[in-house]
Amino acid sequence: MENHGKAEKILEILAQSYGTEPWNWHTRRNPFRVLIGTVLSHRTRDEMTDAAAQAVLARYPDAASLADAPLADLQDLVRTVNFYKRKAARIKEIGRILVERHGGRVPDAMEDLLALPGVGRKTAACVLVYGFRKPAVPVDTHVHRISNRLGLVETQRPEATERALQQMLPEKWLLLVNELLVKHGQTVCRPRHPLCSRCPVRRYCHGASGH
DNA sequence: AAAACGGGGGC
DNA sequence: GCCCCAGTTTT
């Protein structure tokens, strides 16, 4: 209610500050690309992830080819991302499961996505909203922290933040809320030592430090 | 609820 | 050298 308008206002300001350019593996409505790119991105800076994701997807553009990829080649292609050995095995296994259980395609149900190795709610939400344009909110540590700091939610668990944001936000913002809050979280509203004096939405913020 | 996983870039 | 990072899984 009160927060509906507030959330939208905040996102409008952040969109002006940071732009609305989507992350590159989100640019196509391709659930497979979104899935693989997002799994590779876990706990890894996006500039490290991008080249790896592009390389994998260029050589293995679908589930069937990924399932048959040599593990050593996958490891080599994704060597720049964090947890690369585990992730190489995971995306190969994801390919195998997609072929075996889903006809080689990415499922569009949260429950099916969560059954894939290395896929939690955040990754599943990315696939749903970026890949399928279905309503979902990817909540990572930035989104959770900033939503609380701004007083949009008062939640302990990310899943509660996810539900609240999805209810609060008009559909047009679902594609952008994650990227805008992540960008804000990386540059200004950092986990420690936030740069509140430079914050474009500080007048909405409950947790501003140093006034 | 907290720890483990696990590695390269930036300061 | 130390600290950080678009999470997920396991204890």
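Note that the structure is predicted; figures quoted are calculated from it, not measured. Per chain, numbering begins at 1; letters A, B, ... match sequence-line order.
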Practice problem: Let me know, please, whether A/Arg192 or A/Arg121 comes out on the 5' side of the other along DNA chain C by nearest nucleotide. | Solution: A/Arg192
Practice problem: Check every strand shown and say whether A/Val81 touches a base, only sugar-phosphate, or nothing at a heavy-atom separation below 4.0 Å. | Solution: nothing
Self-check item: Separation of B/dG8 C1' from A/Tyr84 OH (nearest whole Å)
Solution: 10 Å
Exercise. Take A/Lys183 and A/Gly118, find for each the nucleotide of DNA chain C with the closest heavy atom, and name the residue whose nucleotide sits nearer the 5' end.
Key: A/Lys183
Exercise. Give a yes or no on whether a donor-acceptor pair under 3.5 Å exists between the nucleobase atoms of C/dC4, that is its base, and the side chain of A/Arg45.
Key: yes
Quiz item: Counting only Watson-Crick or G-U wobble pairs whose two distances fall under 3.5 Å, which nucleotide matches B/dG6?
Solution: none
Quiz item: Within less than 4.0 Å of OP1 or OP2 of C/dC5, is there a side-chain N or O belonging to A/Thr141?
Solution: no
Quiz item: So among A/Asp68, A/Asp76, A/Asp73, which one has a salt bridge (Lys or Arg N to Asp or Glu O under 4.0 Å) with A/Arg59?
Solution: A/Asp73
Quiz item: Does CZ in A/Arg190 sit with more than 12 non-hydrogen atoms of other residues, nucleotides or ligands closer than 6.0 Å?
Solution: yes
Quiz prompt | Euclidean distance, atom CG of residue A/Leu114 to atom P of C/dT8 [Å, nearest integer] | solution = 9 Å
Self-check item: Candidate list A/Arg145, A/His144, A/Gln166, test side chain to side chain donor-acceptor pair (under 3.5 Å), partner A/Thr161, passing option
Solution: A/His144
Quiz item: Closer than 4.0 Å, any side-chain N/O of A/Arg43 to the OP1 or OP2 of C/dC5?
Solution: no
Practice problem: For A/Phe83 and B/dG9, give me the distance from atom CZ to atom P, rounded to whole Å. | Solution: 16 Å
Exercise. Let me know the distance between NE2 of A/His144 and P of C/dT8, rounded to the nearest Å.
Key: 14 Å
Practice problem: For the pair A/Glu93 and A/Arg96, find out whether any cationic side-chain nitrogen is under 4.0 Å from an anionic carboxylate oxygen. | Solution: yes
Exercise. May I have the distance from A/Asp46 (atom CG) to B/dG10 (atom P), rounded to whole angstrom?
Key: 12 Å
Exercise. Tell me which nucleotide among B/dG6, C/dC4, C/dG7 gets nearest to the side chain of A/Asn82.
Key: B/dG6
Quiz prompt | Length of the line joining A/Gln75:CD and B/dG6:P, which is rounded to integer Å | solution = 11 Å
Quiz prompt | C1' spacing across the pair C/dT10 / B/dG6, given as an integer number of angstrom | solution = 15 Å
Quiz item: Between atom CZ in A/Arg86 and atom C1' in C/dT9, what is the gap in whole Å?
Solution: 7 Å
Exercise. Look at all strands and tell whether A/Pro117 reaches a base, only sugar-phosphate, or nothing, counting heavy atoms closer than 4.0 Å.
Key: sugar-phosphate
Exercise. Could you state the atom-to-atom distance from CZ of A/Arg90 to C1' of C/dT10 in whole Å?
Key: 11 Å
Quiz prompt | Atom pair CD1 (A/Ile36) and CD (A/Gln54), whose distance is rounded to the nearest 0.5 Å | solution = 13.0 Å
